[in-house]
Number of protein chains: 2
Amino acid sequence: MTPVQHPVSKPSIAETESTSGNYRILLLEDDEQLAELIVRFLSERHCEVTYAANGRDFMKAVHHKDYDLIIADVVLPDASGFQLLEQFRSQLSCPLIFLSALSSVDDQVTGLRLGAHDYLVKPVDPHLLWAKIEAHLRTSQSPTPANASMTFGPLSIDLVSRQARVKDKPLPLTTNEFDLLQIFAEQPARLLSREYLFRRVIGREFDGLDRVIDMRVSRLRKKLDAIPDGVAIQSIRGRGYSLNTVHGTP
Amino acid sequence: MTPVQHPVSKPSIAETESTSGNYRILLLEDDEQLAELIVRFLSERHCEVTYAANGRDFMKAVHHKDYDLIIADVVLPDASGFQLLEQFRSQLSCPLIFLSALSSVDDQVTGLRLGAHDYLVKPVDPHLLWAKIEAHLRTSQSPTPANASMTFGPLSIDLVSRQARVKDKPLPLTTNEFDLLQIFAEQPARLLSREYLFRRVIGREFDGLDRVIDMRVSRLRKKLDAIPDGVAIQSIRGRGYSLNTVHGTP
DNA sequence: AACATTTTGTAACAGTTTGTAAGGTTTTCC
DNA sequence: GGAAAACCTTACAAACTGTTACAAAATGTT
């Protein structure tokens with residue numbers, strides 16, 4: 001896939017790789033070949049990978065610094081991954097994924113019950129491994145949603161405090177109005193069909209008769225139109241609505 | 001694109017099972033036999049399982065109430081699980097696990113990239129499924145571990161002395177008020193439904209009529225509002241309440 | 001044990017928000 | 001121009017929420 005960069009050789013202790021990446025990952029794996037493969041793969045994805053080949057190095061590494069995620073083999077020369085997790089569980093604040101050739105349901109259940117966040121059976125496709133890693137980082141990194149606010153022209157929306165502003169002036173909205181505006185702001189200047197809005201707002205399929213969306217748009221529109229040079233909801237006959245910035249009077 | 005008209009078969013809407021269990025799980029699965037199996041299995045483990053057989057029922061169920069976890073099939077009669085996740089991702093605050101016969105790496109990666117927390121390939125051992133469910137509930141349910149104190153903006157709470165402070169000034173609270181504030185502080189800036197609060201505070205299922213939570217919120221709110229630039233409980237009509245920091249008037 | 005104080009739940013009332021219905025208004029198409 | 005379709009808005013009832021008032025329960029004190 002990619003040319004072999006640097007031989008990882010035989011790292012006696014945890015050694016840090018990669019370009020001071022986005023995530024710090026600790027890899028516990030005694031199979032050197034596999035480890036090298038994983039280290040290279042993750043480094044390419046801008047991860048700072050620390051590699052430990054046995055339980056002793058693993059302990060040192062864990063004590064030495066914090067990680068965003070740990071990938072751990074179960075069968076090791078000097079210890080069991082299960083034991084290690086049991087021992088360090090209380091000290092770990094990041095997700096741990098087991099990566100093992102032990103494929104029985106019992107082993108998997110054991111690993112998960114011990115507190116592991118996932119259990120992958122070797123051999124694992126690198127892309128799947130990466131998707132799993134991203135999934136776990138995603139959930140552990142963002143206790144509060146990252147996209148806590150969004151803006152579109154003079155409109156800004158804070159999803160946390162649920163406050164909308166137009167030209168930095170607070171725009172008091174009811175719950176439903178805010179929800180609707182948020183949906184528009186997610187895909188601004190884009191046509192959103194009544195069917196789509198109905199599904200998002202009401203939560204079931206549009207029956208073709210209900211006027212709820214019309215009504216909500218009307219009410220939201222009234223408030224938006226009250227502020228000049230802000231944003232406005234445009235209706236496209238037979239298609240739906242779209243949120244646009246208002247052309248300043250030319 | 002256009003809604004597929006599907007002859008409404010049997011369970012018109014989500015049906016609730018089990019003994020008002022510990023966790024509320026939403027199961028989206030069109031294979032009735034498998035679904036029944038899973039429902040029974042989870043019910044035995046004291047889960048309150050809601051079952052949806054198609055996308056339509058799923059949408060209803062998601063809008064109807066909150067869940068602790070969602071298990072979703074990918075291939076459905078009237079929709080794709082991938083589509084549904086894409087559509088509801090922003091509205092879901094709980095983990096979602098795909099459970100599908102589609103076993104290719106591409107499918108798994110797609111599901112995870114869409115935001116799923118896990119992807120299990122059918123057939124899956126029930127015990128493994130349960131271990132996975134527990135693992136995901138474990139990580140999502142305890143955003144705040146057993147810390148003896150917690151802070152959120154100008155608010156700090158000491159669980160040991162049971163004293164709350166706003167901007168370092170002691171805030172005298174009654175027992176119930178403190179308990180409620182603690183629950184809010186565990187998941188600050190996040191919507192907490194009346195159902196959830198009722199369960200946490202009163203300890204049984206919300207009947208839809210009781211106003212106790214309103215009352216307690218009202219009383220706690222009165223004390224919180226007395227301190228400027230502190231924190232405030234915001235109400236989101238039809239959804240619940242959330243604790244937020246107060247924007248000092250800029 | 002009896003009283004005072006605090007805390008909490010229920011009921012009732014008031015204000016706000018939302019859905020449905022019905023009638024207007026604009027646009028499209030003969 | 002006129003009719004039909006699509007859309008907007010007013011009106012009103014129903015639903016939801018906040019708060020006050022008061023009684024019951026819990027707690028503390030003498």
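In what follows, every heavy atom counts, from backbone to side chain, and hydrogens, waters and symmetry copies are set aside. Just so it is clear: chains get the letters A, B, ... in the order the sequence lines come, proteins before strands, and each one is counted from 1.
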(message) With no hydrogens and no angle check, just 3.5 Å: does a side-chain donor-acceptor pair link A:Ser156 and A:Asp158?
(response) no

(request) Return yes if a side-chain donor-acceptor contact under 3.5 Å exists between B:Gln187 and B:Tyr196, otherwise no. (result) yes

(request) Please tell me which of A:Asp210 and B:Asn176 maps to the more 5' nucleotide of DNA chain C, matching each residue to the nucleotide holding its nearest heavy atom. (result) B:Asn176

(request) Measure distances between side-chain N and O atoms of A:Arg211 and base N and O atoms of D:dA6, and say whether any donor-acceptor pair falls under 3.5 Å. (result) no

(message) So A:Arg216, base contact, sugar-phosphate only, or nothing? Heavy-atom distance under 4.0 Å.
(response) sugar-phosphate

(request) Mind checking B:Arg221 for me? I need base, sugar-phosphate or nothing, with any heavy atom below 4.0 Å counting as a touch. (result) sugar-phosphate

(request) Check the distance between C:dT10's C1' and B:Phe198's CZ and give it to me in whole angstrom. (result) 13 Å

(request) Starting at atom CG of B:Leu224, determine the distance to atom C1' of D:dT19, rounded to an integer number of angstrom. (result) 16 Å

(request) Assess whether one donor atom and one acceptor atom, taken from the side chain of B:Arg237 and the base of C:dT17, lie less than 3.5 Å apart. (result) yes

(message) Whole angstroms only, please: what is the CG-P distance between B:Leu220 and D:dT19?
(response) 12 Å

(message) Rounded to the nearest 0.5 Å, what separates atom CZ in B:Phe88 from atom CZ in B:Phe58?
(response) 6.5 Å

(request) Find the distance A:Ile213:CD1 to C:dG19:C1' and express it as a whole number of Å. (result) 12 Å

(message) Expressed as a whole number of angstroms, how long is the span from B:Tyr241:OH to D:dG18:P?
(response) 4 Å

(request) Round to a whole Å and report the spacing from CG of B:Asp214 to P of D:dG18. (result) 6 Å

(request) Considering just the side-chain nitrogens and oxygens of A:Ser235, establish if one lies under 4.0 Å of OP1 or OP2 belonging to D:dC8. (result) yes

(request) Go through the side-chain N and O atoms of B:Tyr23 and B:Arg45 and say whether any donor and acceptor fall under 3.5 Å apart. (result) no

(message) When you measure from the side-chain N and O atoms of B:Thr174 to the phosphate of C:dT8, is any distance below 4.0 Å, counting only OP1 and OP2?
(response) yes

(message) Counting only side-chain nitrogens and oxygens, does B:Lys223 get under 4.0 Å of the OP1 or OP2 atom of C:dT7?
(response) no

(message) Evaluate B:Asp73 against B:Asp30 for side-chain contact (heavy atoms from CB on, under 4.5 Å), listing each step before the verdict.
(response) CA-CA 8 Å; B:Asp73 195 358; B:Asp30 69 322; 3.2 Å; yes

(message) When you measure from the side-chain N and O atoms of A:Ser218 to the phosphate of D:dT9, is any distance below 4.0 Å, counting only OP1 and OP2?
(response) yes

(request) To the nearest Å, give me how far apart CZ (B:Phe178) and P (C:dT8) are. (result) 13 Å

(request) Write down the distance between CZ (A:Arg239) and P (C:dT27), rounded to a whole number of angstrom. (result) 17 Å

(request) Take A:Lys222 and B:Met215, find for each the nucleotide of DNA chain D with the closest heavy atom, and name the residue whose nucleotide sits nearer the 5' end. (result) A:Lys222

(message) For a quick test of reading the model: is some side-chain N or O of B:Arg219 closer than 4.0 Å to OP1 or OP2 of C:dG9?
(response) no

